[in-house]
Protein chains: 2
Amino acid sequence: MSEKDLDTANKIKQAASALFLEKGFGRTTTRDIASAAGVNLALVNYYFRSKEELFKTIMMETVQGFIGQLHVLMNDQHTFEEKVELFVSNYTELLKKRPDLPIFMLSEIRNHPEEMAERLGIEQIIKEAKFFQELAQRCPDGIHPVHLFMNLISMTVFPFIGKPIISVGAGMDNETFILMMEQRKQLVPQWFLSMLKPQTEG
Amino acid sequence: MSEKDLDTANKIKQAASALFLEKGFGRTTTRDIASAAGVNLALVNYYFRSKEELFKTIMMETVQGFIGQLHVLMNDQHTFEEKVELFVSNYTELLKKRPDLPIFMLSEIRNHPEEMAERLGIEQIIKEAKFFQELAQRCPDGIHPVHLFMNLISMTVFPFIGKPIISVGAGMDNETFILMMEQRKQLVPQWFLSMLKPQTEG
DNA sequence: ATTTGATTTAAACAAATGTTTAATCCAAAT
DNA sequence: ATTTGGATTAAACATTTGTTTAAATCAAAT
């Protein structure tokens, strides 16, 4: 259904995206891509100038979409607490569907760090976001707001990245893992918000 | 100094390790490796049967060492609070020196998930660790200890993984980033331990 | 019906790459 | 001094892989 009515360029992009995600750039061949897309090999270079260019296109759109969610979320009409909950649950849902996304993005991003950052304009997105102003206000003295933002991202995203080690180490099956991620939709915001309360020094 | 007195096999392993870490398996060529090690191309296949085998060897030793630290740490004679602090500061120091390690391990681990896990015996290491027994005892009702362990790893490791995005997004240079990681040696244990205290619901 | 231009195909090309071979070197043992 | 066996080298081999070419196909416009 949804594959057949795509035009050729999109069939290639979709197939390539899946393969890049699964095996990375270096281990994916143009013949793999053409085969998976069900199109002639030459069409990969016909529609996208090269494998590298195809990769850049896909990477850009992927990261764009990933950050885009953030942009909207951070500026809309919810309370601070709601924003936190939405952040965690939105990204948890996304990562449940596409658990390979973070590693793919982060592992390949190092090859074009400055270029990537510039094109995406992450700096503006983050600095202009209301969420950060609100976070900075509520932040305990002496603790940089970025610390807390790191914690929020870390606790939300890392379990998916570390799943192969953690879940095996803890001896849990996939079902149990997903269940825990569901629990974390509530737990992570609680932990995060408690970090904003003045600590009882120990 | 330290490079010249290595025997050939170790020169190859060391060079290959750096290259795999930097560019991944697919983008690293055997000629790159031989050249970086300063040895003849054929010696790569002479000492290690193939590029794949060389990779597996390096990967296994790397992960082994990474987990090994954990094993010692988790069972020695420190108090629970000390173990937490040691966990964070040890891995922070390690990641300051080798920030590419987590992505390398995690991105390539998916290709051999079951085999990897079995050989490492992560399951035993984790389950037998005193740290986990202590953690389970102190864990608030209804919250699985693995949740909290995830948080500890996440807050310690993820900032290094996400550095390319986070530090650019926040507009900070490398020096500032390292400074923050130093701060986190104290902060992460505080946050982590506060998660063990009964929450004031709200 | 013809033309036009984009799309698709099979085939080939050129370079890169993992691997092997056969000869050479070299140090230790006899 | 000779021998022996591992270590090293230059060269070649066989595939793989990204890319290109030139012909064929097809749909829309004239």
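Letters A, B, ... mirror the listed sequences (proteins, then strands); counts begin at 1.
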I'd like to know whether A/Y91 forms a ring-ring contact (aromatic ring centres under 6.0 Å, His included) with A/F66, so could you lay out the CA-CA distance, the side-chain angles of the two residues, the decisive distance to 0.1 Å, and finally the verdict. CA-CA 9 Å; A/Y91 277 113; A/F66 199 78; 4.9 Å; yes
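With respect to the salt-bridge test (charged N to carboxylate O, under 4.0 angstrom), the residues B/R27 and B/D32 do not qualify.
For A/F104 and A/F20, the gap between ring centers reaches or exceeds 6.0 Å.
The shortest distance between side-chain heavy atoms of A/F158 and B/I161 falls below 4.5 Å. With a 4.5 Å cut-off on side-chain heavy atoms, B/K83 and B/E134 count as touching.
Here the shortest heavy-atom pairing between A/F160 and A/T92 reads CZ-O, 3.9 Å.
Across the protein-nucleic acid pair, B/E52 atom CD and C/dT19 atom P stand 9 Å apart, rounded to whole Å. The distance from atom CG of B/L19 to atom P of C/dG18 is 12 Å, rounded to the nearest whole Å. If you measure from atom CD1 of B/I12 to atom P of C/dT19, you get 13 Å, rounded to the nearest angstrom.
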Check nucleotides 24-26 of chain D against the protein and report each pair of N or O atoms closer than 3.5 Å, with its distance, or say if there are none.
none

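Residues satisfying the side chain to side chain donor-acceptor pair (under 3.5 Å) test with A/H144, not counting sequence neighbours, are none.
Side-chain N/O atoms of A/N45 and A/K51 include no donor and acceptor closer than 3.5 Å.
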Return a single string for nucleotides 8-17 of chain D, one symbol per nucleotide in 5' to 3' order, where B is base contact, S is sugar-phosphate-only contact and - is none, cutoff 4.0 angstrom on heavy atoms. BBB-B----B
